[in-house]
Peer 1: 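Quick one: this structure, given as structure tokens, is what I'll be asking you about.
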Amino acid sequence: MNYAEFYKQSIDDPQAFWGKQAELISWHRPYKQVLDNSNPPFSKWFVGGETNLCFNAVDRWVETQGDKPALIAISTETNSEKVYSFRELQREVERMAAIMKSLGVGKGDRVLIYMPMIAEACFAMLACARIGAIHSVVFGGFASNSLATRIADAQPKLVVSVDAGSRGGKRVPYKPLLDAAIELSEYKPNRVLLVDRGLVPMEWVTGRDVDYAAARTQHMDAQVPVTWLESNEASYILYTSGTTGRPKGVQRDVGGHAVALAASMKHIYCGKAGETYFSSSDIGWVVGHSYIIYGPLITGMATIMYEGLPIAPDPGIWWSIVEKYKVTRMFTAPTAIRVLKKYPTEFMHKYDLSSLKTLYLAGEPLDETTSHWVSSELGVPVIDNYWQTETGWPILTIVKGIEDLPTKLGSPGIPVYGYKVKILNEATGEECGANEKGVVVIEGPLPPGCMQTVYGDDDRFAKTYWNNFANKQVYSTFDWGIRDADGYYFILGRTDDVINVAGHRLGTREIEESISSHSNVAEVAVVGVEDKLKGQVAVAFVILKNAANVNSAESKLAMEKEIMAVVDKHLGALARPARVHFVTLLPKTRSGKLLRRSLQAICEGRDPGDLTTIEDPSSLEQIRLVMQG
Ligand code: PRX
């Protein structure tokens with residue numbers, strides 16, 4: 001079958017199409033209906049069916065390939081490497097599940113996981129899935145305030161964390177940030193389960209904190225049966241940034257999620273049981289959920305969890321992993337490739353990379369130079385994927401497993417089966433013609449695996465995503481895009497206040513709120529500015545309350561550092577602006593709305609666009625001057 005037919009089937013008859021894909025996973029009880037779309041935008045997949053993500057990712061493979069590798073945990077930070085077979089993984093997950101149960105966690109309870117890339121994080125995610133608890137993984141790079149908002153929203157019964165992570169040989173304590181976050185949050189979790197890696201000393205809170213190693217010895221022989229879940233029950237919450245400062249809890253289901261990932265592993269990633277998959281992302285991001293933990297394991301592939309930098313001990317480390325574990329499919333972000341491109345290619349060529357079939361890149365725009373370079377050096381095709389935390393799996397790509405259609409440089413490809421992608425004119429909501437810029441939207445129902453709702457806030461889900469065009473209920477991706485005459489799409493950046501730093505999604509509002517908390521800050525605007533290495537960086541423009549002592553170059557630098565330190569403390573170094581500039585005026589409309597797009601355009605040396613509504617044009621002059629200075 002060619003791809004056009006495959007795609008058409010998915011759109012014309014989703015019931016038959018997804019019913020077939022559902023055979024890729026194991027069901028405890030068959031579903032009664034493939035799709036129930038009677039209450040849009042809340043679509044339900046595989047209604048009445050019962051299954052379990054952990055069973056599909058682990059137990060099912062124990063029967064057929066129990067001694068084959070399942071999880072390969074490598075840390076170049078602690079010089080450790082451990083391979084867990086499917087059988088060993090099952091044992092560890094059951095131990096973790098038994099500990100969770102002994103701490104009072106049951107079906108539907110939330111468990112917040114704040115951990116670096118270590119095997120126990122994988123055990124914790126799968127243990128939640130096993131007992132029907134809902135995990136919410138928070139990226140380890142986030143600091144106390146980010147963590148506190150997530151704790152308050154998810155209200156976890158249990159938090160699983162560690163003493164520390166490590167980055168570039170430097171220990172990064174987690175526990176003090178977690179303690180501070182719990183202090184900040186009105187809601188307090190009952191218990192905190194801590195993996196003590198022996199990296200930094202910890203202060204234990206009596207009655208609340210539990211030592212994982214000690215608890216594990218109590219449950220060495222634990223057998224914890226799988227809790228079967230109805231397909232539409234929640235499996236996890238993953239917070240992501242949007243237009244407001246309040247992160248949204250993207251909630252995913254069980255059955256649709258498992259089917260969508262299994263299908264993508266087959267058709268898009270062409271992965272096979274017994275092979276090894278290597279995604280360099282982090283479990284704190286959606287790529288880590290879908291394509292480090294669940295996707296590969298559901299397919300019976302071994303998956304690699306890597307803690308460390310791509311350039312340490314040297315820039316050949318990833319390629320050495322590919323050689324050693326005969327990785328067939330690799331997934332990373334363009335920024336990582338741009339970093340590796342700065343080093344001699346010997347670091348790549350000294351390894352036997354013949355196992356590698358395809359490299360997948362996602363999360364941010366893929367520039368032509370990077371794509372060309374890595375594809376020709378590796379001698380394998382490079383496939384760009386465009387998707388979002390909300391969808392959980394690719395929206396646009398080349399579905400190689402069905403038909404090896406040509407790629408086009410600069411384009412992630414064409415709509416993936418199941419997604420009715422359209423480009424709409426922002427103002428009129430009409431469909432754009434070829435090469436006409438508009439908003440990338442998806443007509444409902446979204447295919448399986450996409451977000452069900454915003455955790456605890458159905459109204460926010462409907463209003464935020466489905467209510468952006470008058471008289472049209474379509475899902476907005478909040479990305480600009482164009483479709484060319486051949487049907488290939490090009491993504492042109494976000495329509496909202498989200499920025500993308502090295503493939504990491506951040507909300508400028510959250511950064512602004514953090515900076516505003518500095519006692520000398522009167523007003524602040526943060527925008528994303530193009531950067532050759534990271535794609536974008538955050539740049540802040542601040543109006544001080546009292547600028548009298550901040551007039552020399554030194555005092556400005558000192559204040560800039562102070563503000564950066566505030567962001568580090570609240571949100572984490574990841575969100576720290578690359579620069580903080582001081583101005584006396586911000587570009588606003590006469591009604592007081594910040595002209596964000598004009599501000600960003602000036603920073604990137606582009607035309608600021610329509611300025612008829614601007615209150616005071618000299619504000620833009622100031623921005624121009626500080627950017628030049
Ligand atoms: O703006 C798009 C950009 O990243 C956003 C989603 O980020 P996140 O929720 O972190 O999910 C990442 C999943 C891979 C999108 O709205 N984006 C993602 N992939 C691409 C991209 N922009 C251009 N090209 C891509 N391939």
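Because only heavy atoms are used, hydrogens play no part in the values below, and waters and symmetry mates are left out as well, while side chains stay in.
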Peer 1: Anything under 30° is parallel, anything over 60° is perpendicular, the rest tilted; go ahead and classify Tyr417 against Trp18.
Peer 2: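 Rings of Tyr417 and Trp18: tilted, as their planes differ by 30° to 60°.
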Peer 1: Is the side chain of Asn500 donor-acceptor paired with the backbone N or O of Gly363 at a distance under 3.5 Å, no angle test?
Peer 2: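 At least one qualifying donor-acceptor pair exists.
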Peer 1: Judged by atom type as modelled, is there a donor-acceptor pair below 3.5 Å linking the side chain of Thr276 to the main-chain atoms of Tyr325?
Peer 2: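 Side chain of Thr276 to backbone of Tyr325, a donor-acceptor pair under 3.5 Å: yes, one is there.
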Peer 1: Once you measure the plane-to-plane angle for Phe142 and Phe139, does it fall in the parallel (<30°), tilted (30-60°) or perpendicular (>60°) bin?
Peer 2: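 The arrangement is perpendicular - the two ring planes meet at more than 60°.
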Peer 1: If you measure from the Lys or Arg side-chain nitrogens to the Asp or Glu carboxylate oxygens, is any gap between Arg130 and Asp59 under 4.0 Å?
Peer 2: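 A salt bridge links Arg130 with Asp59.
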Peer 1: Less than 4.5 Å apart, side chain to side chain, heavy atoms only: is that true for Glu390 and Tyr475?
Peer 2: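 Glu390 reaches Tyr475 side chain to side chain.
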Peer 1: In terms of heavy-atom contacts, does NZ of Lys422 have more than 12 from other residues, nucleotides or ligands at under 6.0 Å?
Peer 2: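 Enclosed.
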Peer 1: Check step by step if side-chain hydrogen bond (donor to acceptor under 3.5 Å, both in side chains) holds for Thr240 and Arg505.
Peer 2: CA-CA 7 Å; Thr240 192; Arg505 174 167 164 182; 3.2 Å; yes
Peer 1: Determine whether more than 12 heavy atoms belonging to other residues, nucleotides or ligands lie under 6.0 Å from atom NZ of Lys44.
Peer 2: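 12 or below, so no.
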Peer 1: What distance do Ile72 atom CD1 and Ser85 atom OG have between them, rounded to the nearest 0.5 Å?
Peer 2: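 With rounding to 0.5 Å, CD1 (Ile72) is 11.0 Å from OG (Ser85).
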Peer 1: Side chains of Asp479 and Tyr386: donor-acceptor distance under 3.5 Å anywhere?
Peer 2: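 There is such a pair (donor and acceptor under 3.5 Å, judged by atom type) between the side chains of Asp479 and Tyr386.
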Peer 1: For the residue pair Ala164 and Pro116, what are the closest heavy atoms and their distance?
Peer 2: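 The answer is O-CG, 4.1 Å.
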Peer 1: Taking the six-membered ring for Trp, are Trp318 and Tyr306 parallel (under 30°), tilted (30 to 60°) or perpendicular (over 60°)?
Peer 2: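 Rings of Trp318 and Tyr306: perpendicular, as their planes differ by over 60°.
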Peer 1: Nearest 0.5 Å please: distance from the CG atom of Asn190 over to the CG atom of Leu103.
Peer 2: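 Asn190 atom CG to Leu103 atom CG measures 9.5 Å (nearest 0.5 Å).
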Peer 1: Quick check: do Val111 and Met100 have side-chain heavy atoms less than 4.5 Å from each other?
Peer 2: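 Touching, per the 4.5 Å side-chain cut-off.
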Peer 1: Could you walk me through whether Thr453 and Asp458 pass side-chain hydrogen bond (donor to acceptor under 3.5 Å, both in side chains), step by step?
Peer 2: CA-CA 6 Å; Thr453 187; Asp458 286 351; 2.6 Å; yes
Peer 1: Identify whether the distance between the nearest side-chain nitrogen and carboxylate oxygen of Glu275 and Lys326 falls below 4.0 Å.
Peer 2: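 Looking at Glu275 and Lys326, the cut-off is not met.
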Peer 1: Given side chains that start at C-beta, do those of Arg60 and Ile298 come closer than 4.5 Å, heavy atoms only?
Peer 2: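 Of all side-chain heavy-atom pairs linking Ile298 with Arg60, at least one is under 4.5 Å.
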Peer 1: Using the rule given for side chain to side chain contact (heavy atoms under 4.5 Å, CB included), can you reason through Leu194 versus Asp211, listing the C-alpha separation, both sets of side-chain angles and the distance that settles it, and then say yes or no?
Peer 2: CA-CA 5 Å; Leu194 291 157; Asp211 178 27; 5.8 Å; no
Peer 1: Compare all side-chain heavy atoms of Thr299 with those of Lys266 and state whether any distance is below 4.5 angstrom.
Peer 2: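 Thr299 vs Lys266: side chains apart.
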Peer 1: So, are Arg29 and Glu230 salt-bridged, with charged N and O less than 4.0 Å apart?
Peer 2: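 No.
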Peer 1: Is the side chain of Ser355 donor-acceptor paired with the backbone N or O of Val327 at a distance under 3.5 Å, no angle test?
Peer 2: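 Such a contact is found between Ser355 side chain and Val327 backbone.
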Peer 1: Relative to each other, are the rings of Phe331 and Tyr291 parallel, tilted or perpendicular (30° and 60° limits)?
Peer 2: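 Parallel: the ring planes of Phe331 and Tyr291 meet at under 30°.
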Peer 1: Anything under 30° is parallel, anything over 60° is perpendicular, the rest tilted; go ahead and classify Tyr294 against His257.
Peer 2: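 Rings of Tyr294 and His257: perpendicular, as their planes differ by over 60°.
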Peer 1: Determine, stepwise, if the pair Glu364 / His504 fulfils side chain to side chain contact (heavy atoms under 4.5 Å, CB included).
Peer 2: CA-CA 8 Å; Glu364 53 176 325; His504 298 322; over 6 Å; no
Peer 1: So Arg95 and Gln223, side chain to side chain contact (heavy atoms under 4.5 Å, CB included) or not? Walk me through it.
Peer 2: CA-CA 8 Å; Arg95 286 167 192 150; Gln223 290 195 328; over 6 Å; no
Peer 1: Would you call Ile118 and Val195 a side-chain contact if the rule is heavy atoms closer than 4.5 Å?
Peer 2: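 Yes, at least one pair of side-chain atoms sits under 4.5 Å.
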Peer 1: Does the pair Glu307/Arg197 count as a salt bridge with the N-to-O cut at 4.0 Å?
Peer 2: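 Here Glu307 pairs with Arg197 in a salt bridge, since their nearest N and O are under 4.0 Å apart.
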Peer 1: Do the rings of Tyr174 and Tyr114 sit parallel, tilted or perpendicular, given the 30° and 60° boundaries?
Peer 2: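 Tilted, since the angle between the ring planes falls between 30° and 60°.
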Peer 1: Checking side chain to side chain contact (heavy atoms under 4.5 Å, CB included) against Phe278, which of Arg329, Met301, Met305, Met330 comes through?
Peer 2: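 Option passing the side chain to side chain contact (heavy atoms under 4.5 Å, CB included) with Phe278: Met330.
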Peer 1: For the pair Asn39 (side chain) and Phe42 (backbone), establish whether a donor and an acceptor sit closer than 3.5 Å, ignoring hydrogens and angles.
Peer 2: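 Flag not set: sc Asn39 to bb Phe42 has no pair under 3.5 Å.
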Peer 1: In this structure, which one of Tyr419, Trp387, Tyr269 forms a ring pair (Phe, Tyr, Trp, His ring centres under 6.0 Å) with Trp393?
Peer 2: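 That would be Tyr419.
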Peer 1: Give a yes/no verdict on a cation-pi contact between Lys82 and Tyr84, requiring under 6.0 Å between NZ or CZ and the six-membered ring centre and an angle within 45° of the axis.
Peer 2: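 Yes.
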Peer 1: Is it true that a side-chain atom of Ser10 and a backbone atom of Gly418 form a donor plus acceptor pair closer than 3.5 Å?
Peer 2: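 Confirmed, Ser10 side chain pairs with Gly418 backbone.
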Peer 1: With a 4.5 Å heavy-atom cut-off, do Phe86 and Leu297 have their side chains touching?
Peer 2: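 Yes, side chains in contact.
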Peer 1: Are any of the side-chain heavy atoms of Gln452 and Asn232 separated by less than 4.5 Å?
Peer 2: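 Counting from C-beta outward, Gln452 and Asn232 do come under 4.5 Å.
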Peer 1: Could you walk me through whether Phe123 and Tyr212 satisfy the side chain to side chain contact (heavy atoms under 4.5 Å, CB included) test, starting with their C-alpha distance in whole Å, then the side-chain angles of each, then the deciding distance to 0.1 Å, before giving a yes or no?
Peer 2: CA-CA 12 Å; Phe123 306 158; Tyr212 168 72; 3.8 Å; yes
Peer 1: For the atom pair OH (Tyr360) and CD1 (Ile383), what is the distance rounded to the nearest 0.5 Å?
Peer 2: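 Reported to 0.5 Å precision, the distance equals 6.0 Å.
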Peer 1: To the nearest 0.5 Å, what is the distance between CE on Met451 and CG on Leu446?
Peer 2: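 Rounded to the nearest 0.5 Å, the CE-CG separation comes out at 9.5 Å.
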Peer 1: Are any non-hydrogen side-chain atoms of Val58 and Leu126 less than 4.5 angstrom apart?
Peer 2: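 With C-beta onward as the side chain, the pair touches.
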Peer 1: Between Thr217 and Ala214, is there a donor-acceptor pair closer than 3.5 Å when you use the side chain of the first and the backbone of the second?
Peer 2: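 Confirmed, Thr217 side chain pairs with Ala214 backbone.
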Peer 1: For the residue pair Tyr236 and Arg252, confirm or rule out a side-chain donor-acceptor distance under 3.5 Å.
Peer 2: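 Judged by distance alone, the side chains do pair up.
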Peer 1: Salt bridge check, Lys8 against Glu5: does any charged N sit closer than 4.0 Å to a carboxylate O?
Peer 2: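 Between Lys8 and Glu5 there is no salt bridge, as every charged N stays at least 4.0 Å from the carboxylate O atoms.
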Peer 1: Examine distances only and state if a side-chain atom of Asn52 and a backbone atom of Thr227 form a donor-acceptor pair shorter than 3.5 Å.
Peer 2: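 Yes: the side chain of Asn52 pairs with the backbone of Thr227.
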Peer 1: Students often mix this up, so state it plainly: with edges at 30° and 60°, are the rings of Trp27 and Tyr31 parallel, tilted or perpendicular?
Peer 2: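 Rings of Trp27 and Tyr31: perpendicular, as their planes differ by over 60°.
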Peer 1: Enter the distance from Gln155:CD to Arg110:CZ here, rounded to the nearest 0.5 Å.
Peer 2: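 Gln155 atom CD to Arg110 atom CZ measures 6.5 Å (nearest 0.5 Å).
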Peer 1: Between Glu88 and Arg91, does any side-chain N to carboxylate O distance fall below 4.0 Å?
Peer 2: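 Salt bridge absent between Glu88 and Arg91.
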Peer 1: Knowing that exactly one of Cys122, Ser280, Ser279 qualifies, which makes a side chain to side chain contact (heavy atoms under 4.5 Å, CB included) with Ile292?
Peer 2: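 The residue from Cys122, Ser280, Ser279 that satisfies side chain to side chain contact (heavy atoms under 4.5 Å, CB included) with Ile292 turns out to be Ser279.
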Peer 1: So, Glu81 and Lys324, do they make that salt bridge, N to O below 4.0 Å?
Peer 2: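 A salt bridge links Glu81 with Lys324.
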Peer 1: Taking Gln251 for the side chain and Ala234 for the main chain, is one N or O donor matched with an acceptor at less than 3.5 Å?
Peer 2: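 Absent.
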Peer 1: Quiz question: by atom type and distance under 3.5 Å, do the side chains of Asp12 and Tyr7 form a donor-acceptor pair?
Peer 2: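 Side chains of Asp12 and Tyr7: no pair found under 3.5 Å.
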Peer 1: Enter the distance from Ser320:OG to Asp352:CG here, rounded to the nearest 0.5 Å.
Peer 2: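 It comes to 12.5 Å.
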Peer 1: Using the ring centroid of each side chain, check whether Phe6 and Phe17 are separated by less than 6.0 Å.
Peer 2: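 Yes, they do, as the ring centres are separated by less than 6.0 Å.
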Peer 1: Quick one: do Asn56 and Thr51 satisfy side-chain hydrogen bond (donor to acceptor under 3.5 Å, both in side chains)? Show the steps, please.
Peer 2: CA-CA 8 Å; Asn56 275 283; Thr51 185; 2.9 Å; yes
